[in-house]
Number of protein chains: 2
Amino acid sequence: MTPNNPSYQRYLSTLKQSPFLKDSSIESLEALLSQMTEERWISKNFKSSLEVSTTFHFIISGRLKVFKSNPDTGREHTVFVLSNGDVFDVLSLLDAEPHDVYWEALDVLEVLKIPMDQMRLWINKYPIIHKAILYYLGERMRQLMDVATDVTLHSTLVRLATLLLKNVNGETQELELINNLPNDEIAGLIGTTRSVVSRHIQELKRCGAITVSRKKINVKNLQMLLSVAEEKHVP
Amino acid sequence: MTPNNPSYQRYLSTLKQSPFLKDSSIESLEALLSQMTEERWISKNFKSSLEVSTTFHFIISGRLKVFKSNPDTGREHTVFVLSNGDVFDVLSLLDAEPHDVYWEALDVLEVLKIPMDQMRLWINKYPIIHKAILYYLGERMRQLMDVATDVTLHSTLVRLATLLLKNVNGETQELELINNLPNDEIAGLIGTTRSVVSRHIQELKRCGAITVSRKKINVKNLQMLLSVAEEKHVP
DNA sequence: ACAAAACAACCACCTAGGTACCACTTGATG
DNA sequence: CATCAAGTGGTACCTAGGTGGTTGTTTTGT
């Protein structure tokens with residue numbers, strides 16, 4: 001990609017803000033961008049990691065879920081929802097071990113791609129990035145530990161309330177990140193099934209903690225949601 | 001610690017074999033060791049991460065479980081069992097964010113400690129280690145993804161069988177790593193409770209997949225265990 | 001604007017697995 | 001060797017939540 005690409009500046013500024021590329025110089029980012037190509041994923045576009053990934057991706061806009069699934073039962077469990085500034089597939093960047101994870105676009109997704117080998121070369125050229133990557137992975141690790149233990153340590157209602165709380169926008173009381181997600185995606189996020197999510201959303205509506213209008217969930221009573229999340233109170 | 005410490009050579013060779021310190025030169029490892037002090041943790045010795053950790057630890061021998069818990073119900077979920085060559089707490093090394101995880105010795109544990117700041121200085125001095133750390137974290141990440149999704153995607157029986165399979169020693173058909181672990185530790189590993197583990201161990205015994213004698217579990221029918229783990233067959 | 005597909009709500013049933021016991025064994029300790 | 005605590009086996013009960021199906025409502029594509 002060359003600087004005369006109409007989206008060049010927008011791409012550059014997204015890269016600059018990416019935690020993965022924290023502390024990288026503008027020159028190094030421009031060098032990186034020059035080797036990248038743009039790609040658009042439409043919703044439901046899907047990628048498996050069973051074929052070892054030879055391309056490294058940066059997300060410019062849109063949302064991507066990373067999930068595992070059980071082909072026998074058809075159930076899925078989402079481990080991350082990635083958005084602008086995030087990258088994948090980091091693990092294939094570090095080593096060539098296979099691991100069976102799936103990626104699927106939840107929206108229209110704008111990504112920048114670069115061949116894995118070139119990304120490795122770039123990293124070796126600008127080794128300062130190692131620290132940023134470590135920091136990035138550490139953050140992911142922490143999230144992942146919660147995902148891992150939430151299912152056994154907390155009930156689905158508590159997990160739902162916690163998920164909502166994690167996504168409330170301070171002013172509007174709206175749920176930015178997970179809004180417009182169908183119930184079964186929410187189910188995947190907290191490790192349960194669609195019908196159980198539906199059941200609990202009704203429960204929270206009934207007791208006045210939230211309101212729902214055309215897929216947008218609004219938080220009405222933050223305090224109540226908090227007490228549900230902390231298992232202090234059963235509605 | 002100085003080279004005339006009676007265990008010096010043993011410590012050095014454990015460090016040399018640690019994946020966390022992969023590719024480090026002998027000189028750098030000796031520099032590291034010179035700043036470390038030894039410590040012994042007895043079984044059940046316990047450490048919380050709520051006070052931000054100011055010490056970095058290397059495990060020389062013994063097993064340490066890393067777990068999260070729900071203080072209300074008393075349930076625990078183990079995310080890792082660390083042993084010789086492993087390190088903790090990596091996350092506090094990367095940044096100073098709090099995260100509530102607990103560590104507990106399962107055996108007598110030999111650890112080497114070093115103040116967090118000195119460890120950071122050492123890393124900066126020998127930056128080649130960054131790659132090894134990344135690799136190490138990546139491996140952990142992969143394990144963690146399985147832990148995170150196993151509970152929702154597979155039944156407890158399947159998870160138990162999988163855990164056993166992960167630990168069979170090729171020759172003796174014995175379960176090295178998890179042997180001598182009480183049932184409730186096994187329960188913590190697969191995200192369930194003691195009585196359920198007991199129930200399923202009986203089940204596997206009854207159908208001849210394993211035998212149990214004085215805490216040692218032996219695998220009798222590997223094939224059967226495999227088919228249980230793959231959900232092909234319900235005993 | 002209309003048909004088709006996707007999604008949400010609701011219900012009724014069912015089972016995996018969690019809770020709470022008690023009784024037996026084992027191994028450690030004074 | 002007597003006692004005590006820890007670990008285990010086993011049971012009965014119960015409920016959270018998963019399954020499947022039906023209906024009505026949005027959203028989407030043509």
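Residue numbers begin at 1 in each chain, while the letters A, B, ... track the order of the sequences. Nothing here was measured: the structure is a model prediction, and the numbers come from that model. Just the heavy atoms: all of them, side chains too, but no hydrogens, waters or symmetry mates, feed the values below.
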Which of D:dT8, C:dA9, D:dG18 is nearest the side chain of A:Q202? It is C:dA9

Among the nucleotides D:dG9, C:dG17, D:dG17, whichever has the atom closest to the side chain of A:T192 is D:dG17

- Query: Going by atom types alone, do A:T162 and A:H154 pair a side-chain donor with an acceptor below 3.5 Å?
  - Reply: no

Rounded to whole Å, the CG-P distance (A:N70 to D:dT19) equals 11 Å

Between CD of B:E76 and C1' of C:dG18 the distance, given in whole Å, is 16 Å

Of the candidates D:dG17, C:dC7, C:dC10, the side chain of A:R159 sits closest to D:dG17

Rounded to whole Å, CG of A:L204 lies from P of C:dA9 at a distance of 12 Å

Regarding the side chain of B:S155, the nearest nucleotide among C:dA8, C:dG17, D:dG7 is C:dG17

Nearest-nucleotide check on DNA chain D, B:R206 vs A:T73; residue mapping nearer the 5' end is B:R206

Taken to the nearest 0.5 Å, the spacing of B:T211 OG1 from B:N218 CG works out to 4.5 Å

Here the distance between atom P of C:dG18 and atom NE2 of A:H154, to the nearest Å, is 15 Å

(request) Give a yes or no on whether a salt bridge exists between A:E97 and B:R142, defined as a side-chain N under 4.0 angstrom from a carboxylate O. (result) no

Taken to the nearest whole Å, CG/B:D184 to P/C:dT19 is 14 Å

From CG of B:L157 across to P of C:dA16 the rounded distance in Å is 11 Å

* Side-chain ion pair, B:K68 and A:D146, N-O less than 4.0 Å -> yes

Discussion item. One thing to verify: whether B:E185 and B:R63 come together as a salt bridge, which I'm taking to mean a side-chain N less than 4.0 angstrom from a carboxylate O.
Written reply: no

Between CG of A:L181 and P of C:dA8 the distance, given in whole Å, is 10 Å

**Prompt:** B:S195 near the nucleic acid: base, sugar-phosphate alone, or nothing, with a heavy-atom cut-off under 4.0 Å?
**Reply:** base

To the nearest angstrom, the CZ-C1' distance between B:R75 and C:dA20 comes to 15 Å

Looking across every strand, which nucleic acid part, if any, lies under 4.0 Å from A:S198 by heavy atom: base, sugar-phosphate, or nothing? base

From the candidates D:dG18, C:dA9, C:dG17, the one with an atom nearest any side-chain atom of A:T193 is D:dG18

Is there a donor and acceptor pair closer than 3.5 Å between the side chain of B:R199 and the base of C:dG18?
yes

Answer yes or no: does a side-chain N or O of B:N183 lie under 4.0 Å from OP1 or OP2 of D:dA6? no

